[in-house]
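Chain letters run A, B, ... following the sequence lines, proteins first and then strands; every chain starts at 1. Note that the structure is a prediction, hence the values are computed from the model and not measured.
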2 protein chains.
Amino acid sequence: MKDRRSTGMRLSQTETWLPQPDLARVDVGTVLQALSDPVRLRIVRLLDATGEGSCTTLDVPVKHSTVSHHLRTLRESGVLATRLVGNTRLSRLRKDELERRFPGLLTSVLAATPPVATPEPA
Amino acid sequence: MKDRRSTGMRLSQTETWLPQPDLARVDVGTVLQALSDPVRLRIVRLLDATGEGSCTTLDVPVKHSTVSHHLRTLRESGVLATRLVGNTRLSRLRKDELERRFPGLLTSVLAATPPVATPEPA
DNA sequence: CGATATTTACGACTGTCATCGAATAAGGTC
DNA sequence: GACCTTATTCGATGACAGTCGTAAATATCG
């Protein structure tokens, strides 16, 4: 129950969300494709750790416009949901829904341990 | 030291395998990348159903040279192993190894149900 | 209203990758 | 050895995707 005073407080009763696909209509290949990119996989891991994130808060080694592009890809593939709050857009993982649609998939990806270093010392 | 009788019998003691990566050194992103292609995902499903398959036995809508390319990709990413038997190469999923390295990953992918049809009726 | 911050949209470049066809290598058969 | 089958490799091509910069849209603050 939010109670806003004179200072700018957002009202949370009518939250707007960006359009997102029904996971029942999403193919597992689409999700795999979305998760296959290194930057996107990093975004997913960050969102899993922090809960929510936006274009500027996500620590990824690409420009903002590129982050926006990746967030769009992840959203359209059903991996994350984005809600508009004031000036920013906060994205989060659709963890529960994904777990129901593809049991164990996202869980196993997030639980994956990094490879033992240096495949070939060159 | 081949010992063949009149009828063509294969000897199974010295089986040769194509080189494959140590899964401990494989990143989950590499596997996701390998599984993200539609043709490769189909190959993986076919191999899961039939146990083993080769370039010609796999029913995929691309030419043999392309199948060979995909099999190579899947092998180098650690998804499948290939053993040479006579003139052909039989590939199979490294299911158990993958399950140990990325618990639940391949399982969830193979268990994934197809999407409910017609995302957009056009 | 102006100024700033956040994000997206658009256009362009670039690199990667899937695909094919032809050539090559290797196995098995006659 | 000649021949066919199987599979890979190579080069070329075409399409897609990741990246960036800039412009545009929206919201917040003064």
Side-chain angles (χ1 to χ4, degrees), chain A residues 4-12 14-20 29-30 32-44 52-77 80-92, chain B residues 2-11 14-20 29-30 32-44 52-77 80-91:
Chain A
R4 62 263 181 250
R5 296 268 189 283
S6 51
T7 60
M9 283 199 82
R10 54 178 107 42
L11 41 147
S12 62
T14 54
E15 273 203 328
T16 45
W17 295 76
L18 265 54
Q20 48 181 274
T30 305
L32 291 174
Q33 171 97 18
L35 298 178
S36 65
D37 182 82
V39 175
R40 285 196 291 264
L41 188 54
R42 173 141 227 268
I43 291 177
V44 168
E52 272 182 336
S54 65
C55 223
T56 47
T57 66
L58 289 170
D59 182 27
V60 285
V62 289
K63 298 301 177 187
H64 287 170
S65 58
T66 306
V67 179
S68 178
H69 168 64
H70 283 310
L71 289 177
R72 175 193 176 98
T73 301
L74 287 168
R75 174 172 14 96
E76 291 181 343
S77 63
L80 52 86
T82 305
R83 82 175 204 269
L84 289 73
V85 39
N87 200 7
T88 70
R89 282 111 191 252
L90 292 182
S91 299
R92 82 173 72 164
Chain B
K2 312 214 149 244
D3 158 307
R4 55 267 187 252
R5 298 265 189 278
S6 49
T7 60
M9 285 192 79
R10 59 173 103 47
L11 42 148
T14 55
E15 274 203 328
T16 44
W17 295 75
L18 264 53
Q20 48 181 271
T30 305
L32 291 173
Q33 169 98 20
L35 297 178
S36 65
D37 181 82
V39 176
R40 284 196 291 265
L41 188 54
R42 172 143 228 268
I43 291 177
V44 167
E52 272 181 336
S54 65
C55 224
T56 47
T57 66
L58 289 169
D59 182 26
V60 285
V62 289
K63 297 301 177 186
H64 287 170
S65 60
T66 305
V67 180
S68 177
H69 168 64
H70 285 310
L71 289 177
R72 175 193 177 99
T73 301
L74 288 168
R75 175 173 11 97
E76 291 180 344
S77 63
L80 52 85
T82 306
R83 81 174 205 270
L84 289 74
V85 38
N87 199 11
T88 70
R89 282 112 192 256
L90 293 182
S91 299

Chemist: Summarise protein proximity over nucleotides 5-13 of chain D in one line of letters, 5' to 3': B for base, S for sugar-phosphate only, - for none, counting protein heavy atoms closer than 4.0 Å.
Modeler: BBSBB----
Chemist: Whole angstroms only, please: what is the NZ-C1' distance between K63(A) and dG11(C)?
Modeler: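 To the nearest whole Å, that distance equals 18 Å.
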Chemist: Taking all non-hydrogen atoms of both residues into account, name the closest pair between T30(A) and S77(A) and its distance.
Modeler: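 Shortest heavy-atom separation between T30(A) and S77(A) comes out as CG2-CB, 3.7 Å.
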Chemist: Strictly by salt bridge (charged side-chain N to carboxylate O under 4.0 Å, His left out), give each pair with a member in residues 64-77 of chain B just once, sequence neighbours left out.
Modeler: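 Of all non-adjacent pairs touching residues 64-77 of chain B, those that pass salt bridge (charged side-chain N to carboxylate O under 4.0 Å, His left out) are R72(B)-E76(B).
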Chemist: At a heavy-atom distance below 4.0 Å, what parts of residues 32-42 of chain A sit against DNA chain D?
Modeler: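 D37(A), V39(A), R40(A), in order of number.
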Chemist: Of the options V62(B), L58(B), D59(B), which is the one that meets R42(B) in a side chain to side chain contact (heavy atoms under 4.5 Å, CB included)?
Modeler: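 Testing R42(B) for a side chain to side chain contact (heavy atoms under 4.5 Å, CB included) against V62(B), L58(B), D59(B) leaves exactly one candidate, D59(B).
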Chemist: Verify, without hydrogens or angle tests, whether R89(B) (side chain) and T82(B) (backbone) share a donor-acceptor contact under 3.5 angstrom.
Modeler: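 Side chain of R89(B) to backbone of T82(B): no pair is present.
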Chemist: Using atom types as modelled and distance alone, determine if a side-chain donor or acceptor of T57(B) lies under 3.5 Å from a backbone N or O of G53(B).
Modeler: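 Such a contact is absent between T57(B) side chain and G53(B) backbone.
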Chemist: Nearest 0.5 Å please: distance from the CZ atom of R40(A) over to the CD atom of Q33(A).
Modeler: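 If I round to the nearest 0.5 Å, the distance is 7.0 Å.
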Chemist: So how far is it from R83(A) CZ to R92(A) CZ, rounded to the nearest 0.5 Å?
Modeler: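 Rounded to the nearest 0.5 Å, the CZ-CZ separation comes to 5.5 Å.
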Chemist: Tell me: CG of L80(A) to P of dT7(C), nearest whole Å?
Modeler: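 Whole-Å distance recorded here is 14 Å.
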Chemist: As an exercise, state the distance from NE2 of H70(B) to SG of C55(B), rounded to the nearest 0.5 Å.
Modeler: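 Between atom NE2 of H70(B) and atom SG of C55(B) there are 10.5 Å.
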Chemist: To the nearest Å, how far apart are H70(A) NE2 and dT7(C) P?
Modeler: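 So the two atoms are 16 Å apart, to the nearest Å.
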